[in-house]
Protein chains: 2
Amino acid sequence: MNLKTKEHYEVRAQVAKALAHPARLLMLDAIQQCGDGEMCVCDLTEIVGVDQSTVSRHLAVLKQAGVLADRKEGVMTFFRLRVRCLEGFWGCVEIVLKEKLKAQQKAVGR
Amino acid sequence: MNLKTKEHYEVRAQVAKALAHPARLLMLDAIQQCGDGEMCVCDLTEIVGVDQSTVSRHLAVLKQAGVLADRKEGVMTFFRLRVRCLEGFWGCVEIVLKEKLKAQQKAVGR
DNA sequence: TTTATTCATGGCAAAATGGCCATAAAAGAA
DNA sequence: TTCTTTTATGGCCATTTTGCCATGAATAAA
């Protein structure tokens, strides 16, 4: 088998972890769908509906993971996606969810 | 904007969370690469190198998420992938890692 | 039957995560 | 200058996650 080093799996898990929070998913979705391709912390705070400090920390996680980039303009900070592959990422998640549903239906019919 | 419900993001985050652990990644990789397409808990325990009870719990997480299925044969339990899309999933992670590296290089050269 | 093997689970402790509040820092407005 | 707005961060607490040990349950072997 062609298994990798422990670090190999750790850095990849770190990226997946950054994507594994509902508030962060919502923020990514909002940024992706907004016309400008970027959003300020204040707007994201309103959309997510948690404390501004919490949003700031979520955004820091996504930035640190390599998913978002930021740009300061005056008093505001705008965040934008650094990658275009998230569709594929969530496409796989959708498939997993469908499989899970299948398994549950099979279990009920047992 | 076409944002989804809170639950929409929660179930998807749950799947991502299941994939967001180095030991679980290693196990998925091992199962994917092994010839039979399935592995027993005992072999996975040896590969990962943590307690057998810990491996069992990791496998339960992946099963619950819809990523793995299991099959009992005698005293052993074999786990196999339920989905074929993980390549795409990790492909996106690779792209994120490359972006992160680019950002770090830019930061050093500043 | 007794013994050994394989896996799952209860219990517990350590660490990580996520949330809020308060507040600092930076920029612009008055 | 002083006030306001926007963002980031320290502090703190509650919850979740992760790991191990011990042990139970199930099956196979002796």
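Basis for what follows: all heavy atoms, side chains included, without hydrogens, waters or symmetry-related copies. Quick caveat: nothing in here was measured; it's all calculated off a predicted structure.
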Rounded to whole angstrom units, what separation is found between the NE2 atom of A/H58 and the P atom of C/dG18? 6 Å
Among A/K63, A/R82, A/R80, exactly one meets salt bridge (Lys or Arg N to Asp or Glu O under 4.0 Å) together with A/D70. Which residue is that? A/K63
Between A/Q33 (side chain only) and B/M1 (backbone N and O only), is there a donor and an acceptor less than 3.5 Å apart? no
Might you point out which heavy atoms bring A/V48 and A/A23 nearest each other, and give the distance in Å? CG1-CB, 4.0 Å
Please determine which of B/L28, B/D29, B/L25 meets the side chain to side chain contact (heavy atoms under 4.5 Å, CB included) test together with B/L86. B/L28
Can you tell me which residue pairs pass the salt bridge (charged side-chain N to carboxylate O under 4.0 Å, His left out) test with a partner in residues 6-26 of chain B, sequence neighbours excluded? A/E94-B/R12
Is it the case that more than 12 heavy atoms not belonging to B/K4 sit under 6.0 Å from its NZ atom? yes
How many angstroms lie between CE in A/M27 and OG1 in A/T45, if you round to the nearest 0.5 Å? 8.5 Å
side-chain contact (heavy atoms from CB on, under 4.5 Å) assessment of B/V11 paired with A/K100: CA-CA 11 Å; B/V11 293; A/K100 188 178 168 182; over 6 Å; no
Within residues 5-39 of chain B, the residues having a heavy atom closer than 4.0 Å to DNA chain C are none
Pairs in or reaching into residues 48-73 of chain A: which pass ring-ring contact (aromatic ring centres under 6.0 Å, His included), with residues at least two apart or in two chains? A/H21-A/H58
Pairs flagged by salt bridge (charged side-chain N to carboxylate O under 4.0 Å, His left out) wherever residues 36-58 of chain B is involved - sequence neighbours left out: B/E38-B/R71
Spell out protein contact along nucleotides 3-13 of chain C as letters: B when the base is contacted, S when just the sugar-phosphate is, - when no protein heavy atom is under 4.0 Å; keep the 5' to 3' order. --BBBBBBB--
Going 5' to 3' along DNA chain D, which nucleotides are the first and last within contact of chain A (any atom under 4.0 Å from a heavy atom)? D/dT5 to D/dG11
Starting at the 5' end of DNA chain C, which residue's closest nucleotide do you reach first, A/G74 or A/V61? A/V61
